[in-house]
Amino acid sequence: MILKIHGTAFTTCTKRVVLICKEKQIPYELHPVNLQKGEHKLPPHTDFQPFGQVPYIDDDGFILYESRAICRYLAKKYADQGTPGLVPTDPQAEALFEQGVSIELQSFDPYAVGICVEKVFNGYRGIPTNEERVQELLEKLRAKIDVYEVILGKQKYIGGNQLTLADLFHIPYAFLMQSVGFEVVFVNDSHPNVARWWTEISSRPAWLAVKDGAA
């Protein structure tokens, strides 16, 4: 059976999963979940995603939620097709990959998500942007990007010297931040290594196919 992705074409986490499907050349069907109608908070969706979020996958009866877990599963299951090495198997390369995944989760995601909540998601809910909060998060993120510049001056990617999920996990929220005027965080003269890295990963054909909607 074909992989079923239950999510929404324009949500960041659904895009994250579809991006990996594109990288690994995995056929899939997107089964839309209507967030405006609250379908994600009701059965049958919550029977499979108890937190009421998107996406989850149904892989011939195997149900899995949380986008990063889904991406790891797909990259490992389809290791021999599409983009190679997204989850390394050599012990040292795998350790660097795990380090990179932790960097994304701890030093990027909380600040990027917070900014997007204020500048994008709250608008959908009719909640005014707290610009003071945005600036606080932006200042903290910039301090982390200073460290990214050091890391990427020593290795090509955030998880070592080969492209991995650690890099690709950044793209949806970084792109959303760009779309509301924060491109300078990633592309500026003070951070040439970050700019080089971001320009490369955000130009990948798989992402270009996904960025405007994970159809």
Side-chain angles (χ1 to χ4, degrees), residues 12-13 15-24 66-76 78-116 134-211:
T12 47
C13 292
K15 287 182 178 181
R16 182 179 286 143
V17 171
V18 174
L19 169 60
I20 303 311
C21 287
K22 299 286 188 184
E23 290 283 356
K24 299 303 291 181
E66 294 296 335
S67 62
R68 291 174 182 82
I70 294 169
C71 292
R72 285 173 180 262
Y73 166 72
L74 295 175
K76 289 182 176 182
Y78 297 94
D80 294 333
Q81 68 185 55
T83 304
L86 294 183
V87 178
T89 55
D90 171 80
Q92 291 188 357
E94 183 181 10
L96 289 173
F97 159 72
E98 293 293 351
Q99 177 177 267
V101 168
S102 294
I103 290 169
E104 185 271 334
L105 188 60
Q106 301 295 329
S107 297
F108 172 77
D109 188 74
Y111 310 106
V113 171
I115 290 168
C116 290
V134 171
Q135 290 307 310
E136 176 187 340
L137 290 165
L138 187 59
E139 182 177 343
K140 291 179 178 178
L141 178 58
R142 282 176 166 152
K144 302 296 184 182
I145 297 299
D146 287 343
V147 181
Y148 272 52
E149 178 65 18
V150 174
I151 294 168
L152 291 166
K154 298 177 180 178
Q155 58 194 46
K156 189 174 182 181
Y157 298 103
I158 206 66
N161 282 312
Q162 68 183 70
L163 179 79
T164 67
L165 294 181
D167 305 289
L168 300 179
F169 283 169
H170 287 79
I171 299 178
Y173 271 106
F175 178 79
L176 188 57
M177 285 185 60
Q178 276 194 317
S179 73
V180 290
F182 293 96
E183 181 172 4
V184 69
V185 174
F186 309 101
V187 182
N188 62 68
D189 292 340
S190 299
H191 299 107
N193 294 310
V194 173
R196 180 264 307 161
W197 169 75
W198 171 246
T199 298
E200 178 184 337
I201 65 172
S202 64
S203 299
R204 293 187 64 78
W207 174 247
L208 298 179
V210 169
K211 67 183 183 70

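These numbers were taken from a predicted model, which means no experiment stands behind them.
- Residues C21 and L74 meet the side-chain proximity criterion, which asks for heavy atoms closer than 4.5 Å.
- The minimum heavy-atom distance linking L141 with S107 is given by the pair CD1-O, 4.2 Å.
- Here the side chains of L176 and P172 are not in contact, with every heavy-atom distance at 4.5 Å or above.
- The CG atom of L19 sits 11.0 Å away from the OG atom of S67 when rounded to the nearest 0.5 Å.
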Scan the side chains in residues 159-166 for donor-acceptor partners under 3.5 Å anywhere in the protein, sequence neighbours excluded, and list what turns up.
| unit_1 | atom_1 | unit_2 | atom_2 | d |
| --- | --- | --- | --- | --- |
| N161 | OD1 | K156 | N | 2.9 |
| Q162 | NE2 | G85 | O | 2.8 |
| T164 | OG1 | A166 | N | 3.1 |

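- Using a 4.5 Å heavy-atom threshold, the side chains of E149 and P192 count as touching.
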Between E136 and K140, does a side chain to side chain contact (heavy atoms under 4.5 Å, CB included) hold up when you go through it step by step? CA-CA 6 Å; E136 176 187 340; K140 291 179 178 178; 3.4 Å; yes
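- Residues C71 and F169 meet the side-chain proximity criterion, which asks for heavy atoms closer than 4.5 Å.
- For the pair D167 (side chain) and I158 (backbone), a donor-acceptor distance under 3.5 Å is present.
- Using a 4.0 Å cut-off between charged nitrogen and carboxylate oxygen, E23 and R16 do not count as a salt-bridge pair.
- Checking side-chain atoms of Q155 against main-chain N and O of Y157 turns up a donor-acceptor pair under 3.5 Å.
- For the pair K144 and Y111, the minimum side-chain heavy-atom distance is below 4.5 Å.
- Remark: the backbone N or O of Q81 is paired with a side-chain donor or acceptor of K24 at under 3.5 angstrom.
- Nearest heavy-atom pair, W207 versus I201, reported as atom, atom and distance to 0.1 Å: CB-O, 4.5 Å.
- Here CD of E104 is found 14.0 Å from CD of Q99. Values are rounded to the nearest 0.5 Å.
- Note that CG of L168 and OG of S202 are 11.0 Å apart. Values are rounded to the nearest 0.5 Å.
- N188 approaches V185 most closely through the heavy-atom pair ND2-O, 3.7 Å.
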Which side-chain N or O atoms in residues 87-95 pair as donor and acceptor under 3.5 Å with protein atoms at least two apart or in another chain?
| unit_1 | atom_1 | unit_2 | atom_2 | d |
| --- | --- | --- | --- | --- |
| D90 | OD2 | Q92 | N | 3.1 |
| D90 | OD2 | A93 | N | 3.0 |

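- Contact of the V147 side chain with the I103 side chain is not registered, since no non-hydrogen atoms from C-beta on lie closer than 4.5 Å.
- Scanning for ring pair (Phe, Tyr, Trp, His ring centres under 6.0 Å) contacts around F186 gives W198, with sequence neighbours left out.
- Atom CZ of R68 is surrounded by more than 12 heavy atoms from other residues, nucleotides or ligands within 6.0 Å.
- Of the possible polar contacts, one joining the K15 side chain to the K211 backbone as a donor-acceptor pair under 3.5 Å is found.
- For the pair C116 and M177, the tightest heavy-atom approach, listed with the atom from each and the gap, is SG-CG, 3.7 Å.
- Residues V210 and V18 approach most closely at CG2-CG1, 3.8 Å, considering heavy atoms.
- Side-chain contact check for H170 and D109: no donor-acceptor pair (N or O, by modelled atom type) lies under 3.5 Å.
- Rounding to the nearest 0.5 Å places OG1 of T199 at 10.5 Å from CH2 of W197.
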Check the pair V134, F182 against side chain to side chain contact (heavy atoms under 4.5 Å, CB included), reporting the backbone distance first and the verdict last. CA-CA 11 Å; V134 171; F182 293 96; 3.9 Å; yes
Between R72 and E98, is a salt bridge (Lys or Arg N to Asp or Glu O under 4.0 Å) present by the stated rule, with each step listed? CA-CA 11 Å; R72 285 173 180 262; E98 293 293 351; 3.1 Å; yes
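- Looking only at side-chain heavy atoms (C-beta outward), L208 and R204 stay at 4.5 Å or farther from each other.
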